[in-house]
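Just below is one structure, and these are the notes that go with it.
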Amino acid sequence: MDGTLGAGGHAAGLLAGSEPGGQLLGLDVDPQALGLARQKLAPFGERIWLKKASYTSLPGQLAELGWDSVDGILLDLGASSMQFDTPERGFSFLADGPLDMRFDPSNPLTAAEIINQWPEQELADLLFRYGEEPAARRIARAIVAARPVGGTRQLAAVIERGQPRRGPHHPATQTFQALRIAVNGELESVEKILPLAVQALGPGGRLAVISFHSLEDRLVKEYFRRESKDCICPPRQPICTCGHKASIKEITRRPITPTEAEINQNSRARSAKLRVAEKL
Ligand SMILES: C[S@@+](CC[C@H](N)C(=O)[O-])C[C@H]1O[C@@H](n2cnc3c(N)ncnc32)[C@H](O)[C@@H]1O
């Protein structure tokens with residue numbers, strides 16, 4: 001199962017690598033992505049099942065297909081290049097677009113609602129928690145003072161005003177990340193899918209997760225660490241009382257990161273981290 005189909009690049013690789021009989025369930029919440037994936041994967045005909053659904057619906061999807069388990073699950077988290085590069089989707093501050101940022105256009109919450117309606121304190125907390133933005137309070141104050149904020153460029157300008165550039169990144173980078181995470185409930189989805197994915201794998205099946213920022217990667221890392229241990233009692237406790245049993249083994253103690261050559265080819269890969277675990 002590819003839980004984050006996007007344009008179907010990974011899915012095509014999985015299908016080509018599992019010829020002739022490998023079957024693939026592919027999910028994405030974005031109907032536009034699904035359309036691209038359908039086109040790309042059409043040559044694989046009878047071997048694919050593609051659906052507009054969240055990866056968190058995995059158990060129901062498997063039940064519908066009558067599959068007891070799967071051999072592999074891939075999650076390539078976050079937004080796709082197509083989403084970033086379509087100004088109307090509102091993910092990028094490099095182009096002007098509406099404050100949208102929804103992966104799933106039927107989701108009622110947009111970035112505009114957060115930016116123009118949330119109380120300053122809640123906005124600041126969000127920027128701090130999901131953007132790890134040290135200037136969260138100052139930025140929240142500036143946004144509230146500038147309301148109504150109409151689009152991505154205006155939002156980026158409001159953030160940039162009065163904010164010195166720190167390092168190579170635009171000062172709006174972390175705010176945009178925080179908004180996207182909140183609009184799409186990204187961290188909640190990651191927390192929900194990890195145990196469901198492990199449950200859905202057959203013995204020896206593998207779960208591979210690619211994350212692009214430390215908040216996601218931390219969730220995956222901590223889950224893999226905990227679930228690969230037989231006991232999760234506090235380290236100083238002399239006798240185990242938790243009764244916890246390992247359900248996976250970590251295949252990647254350290255995450256796999258892109259090579260220099262990959263980054264040169266695709267600069268968006270630079271912060272990618274791939275972690276893989278195998279069901280016991
Ligand atoms: C980084 S892209 C994946 C790119 C893909 N691997 C490829 O080869 O083109 C992430 C995709 O996951 C989708 N997505 C995000 N959250 C999702 C969720 N909870 N369920 C299903 N798809 C999700 C996004 O809409 C986006 O298309």
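Worth knowing before you read on, the calculation uses all heavy atoms, side chains too, and leaves out hydrogens, waters and symmetry mates. What you see is a predicted model, and the numbers here were worked out from it, not measured in a lab. As the structure lists them, so they are numbered: ligands from 1, and atoms in each ligand from 1.
- Between Leu74 and ligand 1 there is no heavy-atom distance shorter than 4.0 Å.
- Residue Ser80 has no nitrogen or oxygen atom sitting less than 3.5 Å from a nitrogen or oxygen atom of ligand 1, judged on distance alone.
- Sparse packing is recorded around CD of Glu260, with 12 or fewer heavy atoms of other residues, nucleotides or ligands lying under 6.0 Å away.
- Counting only heavy atoms of the protein, atom 21 (C) of ligand 1 lies nearest to Gly3 O, 3.2 Å.
- For CG of Asp71, the number of neighbouring non-hydrogen atoms (other residues, nucleotides, ligands) closer than 6.0 Å is 12 at most.
- With a 6.0 Å radius and a threshold of 12 heavy atoms from other residues, nucleotides or ligands, Phe84 has its CZ atom above the threshold.
- Of the protein's non-hydrogen atoms, the one nearest atom 20 (N) of ligand 1 is Tyr55 N, 2.9 Å.
- Ligand 1 has at least one atom lying under 4.0 Å from a heavy atom of Asp28.
- At a 4.0 Å cut-off, at least one heavy atom of Val29 sits close enough to ligand 1 to count as contact.
- Between the side chain of Glu191 and the main chain of Glu188, no donor-acceptor pair closer than 3.5 Å is present.
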side-chain contact (heavy atoms from CB on, under 4.5 Å) between Lys249 and Leu280, intermediate numbers included: CA-CA 7 Å; Lys249 108 177 151 198; Leu280 293 175; 3.9 Å; yes
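- Of all protein heavy atoms, the one lying nearest to atom 8 (O) of ligand 1 is His10 N, 2.9 Å.
- Counting the atoms of ligand 1 from 1 in the order shown, those under 4.0 Å from a heavy atom of Asp30 are 25 (O).
- Using 4.0 Å as the threshold, Ala79 has a heavy atom nearer than that to some atom of ligand 1.
- In terms of the side chain to side chain donor-acceptor pair (under 3.5 Å) criterion, Glu122 has no residue partners (sequence neighbours excluded).
- Both Ile248 and Leu207 are part of a single hydrophobic cluster, where members link through side-chain heavy atoms under 4.5 Å apart.
- Side-chain contact between Ile210 and Thr4 is absent, with no heavy-atom pair separated by less than 4.5 Å.
- With hydrogens left out, the protein atom closest to atom 10 (C) of ligand 1 is Gly78 O, 3.0 Å, a heavy atom.
- A heavy-atom separation below 4.0 Å is found between Ala53 and ligand 1.
- Enclosure of atom CD in Glu19 by more than 12 non-hydrogen atoms of other residues, nucleotides or ligands within 6.0 angstrom is indicated.
- Applying the salt bridge (charged side-chain N to carboxylate O under 4.0 Å, His left out) test to every pair with at least one member in residues 29-38, sequence neighbours left out, gives these pairs: Asp30-Arg89.
- Other residues, nucleotides and ligands contribute at most 12 non-hydrogen atoms within 6.0 Å of the NZ atom of Lys40.
- Of the protein's heavy atoms, Phe103 CD1, 3.3 Å lies nearest to atom 15 (C) of ligand 1.
- For Gln83, the heavy-atom gap to ligand 1 drops under 4.0 angstrom.
- Listed by number with element, the atoms of ligand 1 under 4.0 Å from a non-hydrogen atom of Leu77 are 1 (C).
- With a 4.5 Å cut-off on side-chain heavy atoms, Leu215 and Gln177 count as touching.
- The protein heavy atom nearest to atom 7 (C) of ligand 1 is Leu5 O, 3.4 Å.
- Remark: ligand 1 and Ala7 share an N or O pair separated by less than 3.5 Å (distance only, no angle test).
- For atom 4 (C) of ligand 1, the closest non-hydrogen atom of the protein is Asp76 OD2, 3.4 Å.
- Looking at ligand 1, you'll find an N or O of Gly9 within less than 3.5 Å of one of its N or O atoms.
- Using 4.0 Å as the threshold, Ile210 has no heavy atom nearer than that to any atom of ligand 1.
- Counting protein heavy atoms only, atom 19 (N) of ligand 1 is closest to Ser54 OG, 3.2 Å.
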